[in-house]
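All remarks here apply to the structure that follows.
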Amino acid sequence: MGHAQKKFSNRVTMQVKVFLDTNVIISGLLTDEGIPKIVLDLFSLDLHEIKVVTGQFNLLELRRTIRNKIPVLAETFEDALRKINLEIVPLPEKEMVDRYKDLISSKDAPVLASAIKSGCAYLITGDKHFRTEKLRKAKLPIRIVTPLEFMDIAVKIITPSLEK
């Protein structure tokens, strides 16, 4: 295997998938500063080390919120979606959503189910409903982090590539 191929294959295998919750996207679009904005800016760089994912459920929720509460963001939102190059996870099956209803509210269960279904390592959310003792003890196959916590993680993900 040539040097260039080896380098490329390392980049592909080192990619970390992260699931972006609705509230982080909205917060990042509403202000020109703050951690959610920095997270969106980071994701718009289309780094090979990080694959950004959200759910179809989240997009429906985002579009409904923007349409009903902050229509001035509609164009900004669609532009941000194009820049971030999100992978979209289809709506989770009802059975999967039901599996998580005892851990989190029924309105948040589809988000958790989508994040887990996506196979992501991290769910980035500012929603306090995702920061409960019950969820911490659940031994989920995904780590739930705040945007600030993710920034610390992102530095560790990106730094090895910058040092090459």
Side-chain angles (χ1 to χ4, degrees), residues 8-9 11-30 35-71 73-132 134-147 149-151 153-154 157-158:
F8 178 74
S9 69
R11 287 180 147 237
V12 170
T13 58
M14 298 300 287
Q15 190 175 60
V16 175
K17 286 176 68 175
V18 299
F19 191 94
L20 199 51
D21 194 9
T22 306
N23 60 69
V24 179
I25 298 171
I26 289 178
S27 295
L29 293 175
L30 283 175
I35 300 300
K37 174 64 174 162
I38 293 169
V39 168
L40 290 187
D41 287 347
L42 175 71
F43 292 156
S44 71
L45 297 175
D46 197 24
L47 301 168
H48 295 286
E49 297 82 7
I50 301 172
K51 179 64 184 164
V52 187
V53 179
T54 199
Q56 188 176 4
F57 178 85
N58 296 76
L59 287 180
L60 293 169
E61 182 180 43
L62 271 165
R63 287 190 170 109
R64 184 180 60 245
T65 300
I66 289 170
R67 183 180 62 248
N68 295 338
K69 297 182 180 180
I70 35 180
L73 279 186
E75 190 174 320
T76 304
F77 168 67
E78 296 300 332
D79 187 46
L81 280 184
R82 283 187 293 279
K83 286 180 183 172
I84 295 174
N85 189 26
L86 287 167
E87 177 183 314
I88 310 300
V89 176
L91 291 170
E93 298 77 19
K94 182 183 178 332
E95 298 77 29
M96 187 171 193
V97 173
D98 290 345
R99 203 176 311 153
Y100 298 108
K101 283 186 178 176
D102 63 330
L103 293 176
I104 199 160
S105 73
S106 59
K107 77 173 189 66
D108 291 322
V111 175
L112 183 59
S114 295
I116 291 170
K117 178 180 181 176
S118 72
C120 287
Y122 301 97
L123 163 56
I124 306 168
T125 182
D127 189 339
K128 291 183 185 348
H129 296 117
F130 284 89
R131 308 292 290 181
T132 65
K134 192 184 244 187
L135 274 174
R136 270 193 291 281
K137 289 180 177 180
K139 297 194 185 339
L140 297 171
I142 192 167
R143 185 169 162 210
I144 301 170
V145 297
T146 66
E149 290 168 332
F150 181 74
M151 289 307 300
I153 293 163
I157 293 169
I158 297 165

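Owing to the predicted nature of the structure, the values given are computational and were not obtained by experimental measurement. Start at 1 with the first residue, then count along the sequence.
- Applying the ring-ring contact (aromatic ring centres under 6.0 Å, His included) criterion to Phe150, with sequence neighbours excluded, gives Phe43.
- His129 contributes atom NE2, which lies 11.0 Å from atom CG of Asn23 (distance to the nearest 0.5 angstrom).
- For the atom pair Ser114 OG and Leu59 CG, the distance stands at 10.0 Å (nearest 0.5 Å).
- No donor-acceptor distance shorter than 3.5 angstrom exists from the side chain of Arg131 to the backbone of Thr125, with no hydrogens or angles considered.
- Leu140 places a side-chain heavy atom less than 4.5 Å from the side chain of Tyr100.
- Here the closest non-hydrogen pair linking Val16 and Ala121 is CG1-CB, 4.1 Å.
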*asked:* Could you go through Lys83 and Asp46, starting from their C-alpha distance and side-chain angles, then the distance that decides it, and tell me whether this counts as side-chain contact (heavy atoms from CB on, under 4.5 Å)?
replied: CA-CA 8 Å; Lys83 286 180 183 172; Asp46 197 24; over 6 Å; no

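- The two residues Met151 and Ile38 have their closest heavy-atom pair at CE-CG2, 3.6 Å.
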Atom pairs and distances, side-chain donor-acceptor, residues 86-94, under 3.5 Å, sequence neighbours left out:
| from | atom 1 | to | atom 2 | distance (Å) |
| --- | --- | --- | --- | --- |
| Glu93 | OE2 | Lys117 | NZ | 3.3 |
| Lys94 | NZ | Asp98 | OD2 | 2.7 |

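- To the nearest 0.5 Å, atoms NZ (Lys134) and CG (Asp102) are separated by 6.0 Å.
- What you find for Val24 and Pro147 is that their closest heavy atoms are CG2-CG, 3.8 Å.
- Within the 4.5 Å cutoff, no side-chain heavy atoms of Ile25 are placed close to those of Asn58.
- Using a 4.5 Å heavy-atom cutoff, the side chains of Asp127 and Val111 are not in contact.
- The side-chain heavy atoms of Phe130 and Thr146, taken from C-beta on, include no pair separated by under 4.5 Å.
- Separation of atoms CG (Leu60) and OG1 (Thr65) is listed at 10.5 Å; rounding is to 0.5 Å.
- Residue Lys101 qualifies as enclosed at atom NZ: its count of foreign heavy atoms under 6.0 Å is above 12.
- Scanning all heavy atoms of the two residues, the minimum distance from Ala154 to Leu42 falls at CB-CD2, 3.8 Å.
- Remark: the backbone N or O of His48 is paired with a side-chain donor or acceptor of Gln15 at under 3.5 angstrom.
- Considering only heavy atoms from C-beta on, Leu62 stays 4.5 Å or farther from Leu81 through its side chain.
- Taking CD from Glu61 and CD1 from Ile26, the interatomic distance works out to 7.0 Å, rounded to the nearest 0.5 Å.
- At most 12 non-hydrogen atoms from other residues, nucleotides or ligands lie less than 6.0 angstrom from CZ of Arg143.
- Contact detail for Cys120 and Ile142: the closest heavy-atom pair is O-CG1, 3.4 Å.
- Here CG of Leu112 is found 6.0 Å from CG of Leu135. Values are rounded to the nearest 0.5 Å.
- Side chains of Thr132 and Ile104 form no contact here, defined as non-hydrogen atoms less than 4.5 Å apart.
- Phe19 is not listed as a side-chain neighbour of Ile124, based on a closest heavy-atom distance of 4.5 Å or more.
- Of all the heavy atoms in Arg63 and Phe77, the pair that sits closest is CG-CE2, 3.7 Å.
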